[in-house]
Every structure is written in structure tokens, then in C-alpha cells.
Amino acid sequence: MESNDLPEMAETFLKLPLTVDPAKLTKWINSEAGPVFYLMFGITYECQCSCRHCCTGNYVKEKHRDLTTEEIKDVLDQAAKPLIVNFFGGEPTLRPDIMELIEYASERSMYVFTDTNGLVVTKDYAQRLKDSGLELLYVSIDSPVPELHDEYRGVKGCFDKAVGAIKNALDVGLKCVISTYMTKESLANGDFEKVIQMSKDMGTHGVRYLLPTPAGKWLHETDVLLTPEEEEKVWALTDFPYVCRDFYFQTQHSSQCRGVADKAYMYISPYGDVQPCCFMPLSFGNIREESFKTILDKMFSHPMYSHECLSEHCPMIDLDFRQKYIDTIPDDAKLPFRM
């Protein structure tokens with residue numbers, strides 16, 4: 001991230017529902033800058049659900065390749081100092097070492113977030129997450145209609161468990177945000193607005209929405225993309241910071257991903273692949289083979305980071321970008337595809 005981006009980032013930061021610990025913030029500011037601002041860290045592909053839209057649903061699943069606890073800690077050491085570490089899946093709560101990882105990450109970054117489907121988040125579990133240093137819990141709600149949410153996730157009772165997880169988190173004082181995957185359908189029928197209202201009624205700290213993207217199980221389903229008119233409708237419904245895009249610091253009223261455009265964000269897979277984001281099935285190296293910084297230098301200097309679409313919108317929705325880097329991936333290639 002360029003230093004001239006920091007004032008704008010700081011202004012955005014102050015609007016967010018995050019704890020500000022002056023001592024920790026001062027320590028973070030004064031420590032040596034690391035290679036990435038926002039680290040999305042996939043720690044398992046395992047999951048109880050089979051979501052229709054899963055952004056990691058087409059990646060090779062070989063559990064024996066999961067990074068070990070020590071390997072994840074080593075990457076966190078190499079990544080110092082990200083402002084945010086976001087543990088992702090699959091379902092992160094299926095890692096038996098999740099509390100240990102949260103505690104370790106919270107000592108090396110300002111904030112730790114994690115995503116969950118809510119299936120295992122009892123009140124005791126929520127308390128343990130908070131005690132480990134978790135700042136924010138994202139709980140997925142894809143429809144305000146219980147039966148539809150369960151259908152989309154492939155697990156009966158998933159909606160009730162997710163609602164219970166939200167209540168449990170709030171009861172123990174853990175910040176909780178509803179994460180919802182928007183579709184053309186949910187925008188047209190009002191379900192997106194109903195999820196926002198549901199969040200307000202429950203007293204959560206906000207709603208994170210993800211725009212429909214041809215990635216994961218929908219990698220070649222470009223018909224899921226919103227039209228410009230539909231995007232305008234989305235922006236009219238959003239109220240930052242309560243309702244925000246998937247990456248806090250990105251442009252909120254356009255489809256641009258500042259995380260990628262500003263080289264402020266990147267993703268590491270459960271097997272150590274370093275990718276621009278979890279939606280983009282391209283790997284620039286593996287942390288078991290090279291240092292994190294070496295891979296990032298190689299990735300950020302790649303021609304794709306000079307593509308003109310980065311200043312306009314998400315690369316995964318750009319036709320020219322997809323023709324150059326996505327459509328050229330061999331049909332029989334394992335994903336993520338090594339560049």
C-alpha cells in the first residue's frame with residue numbers, strides 16, 4: 001500500500017464499528033511495515049455446507065495438504081504487520097486450533113475477523129472466540145426466509161443455527177456482522193433489504209454484502225452479474241459503514257475492488273497458495289516453497305496488476321481480463337492455477 005493512501009484509509013477506519021485501543025494502535029503504527037494491509041487467510045476447505053455460490057467450491061480438496069498450526073503461525077510472522085487478518089474457509093470453526101490461531105494473529109495485527117456459517121457457535125464457543133482476541137464475527141445469512149437459506153446452503157436448520165450464533169455472539173459482547181451473498185433475485189424481490197432490516201432488528205454491528213461474481217462454483221456463470229441499473233439500486237440501499245462491501249476499505253459505491261487495485265489485500269489458501277483474492281483462481285506461488293514476500297513481489301509485479309480494469313471494477317467481472325487470465329486456464333487444470 002502506498003503511503004498517500006493512508007489518510008483516506010484512516011478516515012474510513014474511524015467510521016467502522018471496531019475497538020480502538022490507543023496503545024495497540026500506536027504500537028502497530030510504530031512497528032515495521034509488513035507486505036500486506038488486509039490478509040484473508042483460508043485455513044480449511046472443509047465445511048458442513050455445500051453452498052450454491054461457494055467462492056472456493058471449485059478448488060481441489062485434499063485435506064492432507066492443510067497448513068499446520070506452525071506453518072500458519074510462520075506465515076503470520078512473515079506477514080507482519082497486517083492491519084486485519086480475516087480467517088476464512090470452508091468453515092474456519094472446523095479447525096481445532098482456531099482459538100490458538102486467533103490469539104496468535106491478534107498479537108501480530110490490529111484486528112482479527114473470521115467467517116462462519118454459525119453451526120457450532122454456542123454461547124460458550126462465542127465467549128471463547130472473544131477471549132481469544134477475535135474482533136469481529138461474520139455470520140452468513142443468504143436469505144431472510146429460513147427454508148431458502150437452508151436450501152442455498154444445503155443444510156436443514158442452518159438458518160436457525162446462524163440466528164442463534166448471532167444472538168450468542170452479541171450476548172457475550174462479541175461484535176457480529178451479518179454476511180450475505182447478494183443475487184439478482186434477492187435484489188429484485190426485496191430479500192436483500194429484508195436481511196438489512198433483520199440485522200438492525202437483531203442489533204448486529206452491520207451487514208457485509210458480496211456482489212454476485214462469476215467465481216468458485218459460478219466461475220463461468222457470467223449471467224449472475226448485476227446490470228448497471230441493478231448496481232445503482234444496490235448503492236441506493238447501502239448505508240456505509242453499517243452496510244458495506246466485502247472489503248471494508250474498498251470503494252463502496254462502485255464495483256471497484258480497492259483491495260486488489262491498491263495491492264492492499266491478498267489471500268492465502270488452506271494449502272499455502274498465494275492468490276490476489278479468494279475469488280480469483282490464480283496462484284503466484286506457495287509459501288511452503290518460497291517466502292511470502294518473494295511471492296508477493298512476483299505477484300504484484302505481474303502484468304495483470306497493470307490491467308486498466310483495476311481502476312474501474314473487480315477483475316473477475318471484466319471481459320478482457322477474463323479472456324486473458326481466466327478463460328485460458330486449461331479445462332483439466334487443478335485450481336487455483338499456478339501462474
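All values reported here derive from a predicted model rather than from experimental measurement.
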Would you say [Y] ends up clustered with [X] if hydrophobic residues are merged whenever their side chains have heavy atoms under 4.5 Å apart, either directly or through other cluster members?
X      : Y      : answer
Leu170 : Leu129 : yes
Leu25  : Leu39  : yes
Ile287 : Phe300 : yes
Val155 : Leu94  : no
Leu119 : Leu148 : no

*So, does Thr213 use its side chain to make a donor-acceptor pair with the main chain of Leu211 at under 3.5 Å?*
yes
*Is Tyr271 reaching over with its side chain to a backbone N or O of Glu62, donor-acceptor style, under 3.5 angstrom?*
yes
Any idea which heavy atoms bring [X] and [Y] closest together, and the distance?
X      : Y      : result
Pro276 : Tyr305 : CB-OH, 3.3 Å
Met304 : Leu310 : O-CD1, 3.7 Å
Pro214 : Leu225 : CD-CD2, 3.4 Å
Glu231 : Leu226 : CG-CB, 3.9 Å
Met266 : Gln275 : CB-O, 3.7 Å
Leu237 : Ile196 : O-CD1, 4.1 Å

*Please state whether the rings of Trp235 and Tyr209 are parallel, tilted or perpendicular, taking 30° and 60° as the class boundaries.*
tilted
*Parallel under 30°, tilted from 30 to 60°, perpendicular over 60°: which one fits the rings of Trp218 and Tyr181?*
perpendicular
Tell me whether the count of non-hydrogen atoms from other residues, nucleotides or ligands lying under 6.0 Å of [atom1] in [X] goes above 12.
X      : atom1 : answer
Lys175 : NZ    : yes
Glu308 : CD    : no
Lys298 : NZ    : yes
Lys81  : NZ    : yes
Lys184 : NZ    : yes
Lys27  : NZ    : no

Give a yes or no on whether a salt bridge exists between [X] and [Y], defined as a side-chain N under 4.0 angstrom from a carboxylate O.
X      : Y      : answer
Lys73  : Glu100 : yes
Asp66  : Lys63  : yes
Glu71  : Arg288 : yes
Lys156 : Asp150 : no

*Can a donor-acceptor pair be found between the side chains of Thr116 and Glu91 at a distance below 3.5 Å?*
yes
*Does the side chain of Ser186 pick up a donor-acceptor pair with the side chain of Asp191 at under 3.5 Å?*
no
_Determine whether Thr183 and Glu185 satisfy the following criterion, side-chain hydrogen bond (donor to acceptor under 3.5 Å, both in side chains), listing intermediate values before the conclusion._
CA-CA 5 Å; Thr183 63; Glu185 180 185 18; 4.7 Å; no
*Hey, mind stepping through Phe284 and His302 against ring-ring contact (aromatic ring centres under 6.0 Å, His included) and telling me if it holds?*
CA-CA 9 Å; Phe284 286 82; His302 191 275; 5.3 Å; yes
*Looking at NZ of Lys61 and OG1 of Thr56, how far apart are the two atoms once the value is rounded to the nearest 0.5 Å?*
5.0 Å
*Establish, for the pair Arg322 and Tyr325, whether the NZ or CZ atom is under 6.0 angstrom from the six-membered ring centre and no further than 45 degrees off its axis.*
no
*Does the pair Asp115 and Arg208 meet the rule for a salt bridge (Lys or Arg N to Asp or Glu O under 4.0 Å), with working shown?*
CA-CA 11 Å; Asp115 287 76; Arg208 173 187 71 174; 2.2 Å; yes
*Dump the intermediate steps for side-chain hydrogen bond (donor to acceptor under 3.5 Å, both in side chains) on Asn117 and Ser140, then the final yes or no.*
CA-CA 5 Å; Asn117 53 36; Ser140 296; over 6 Å; no
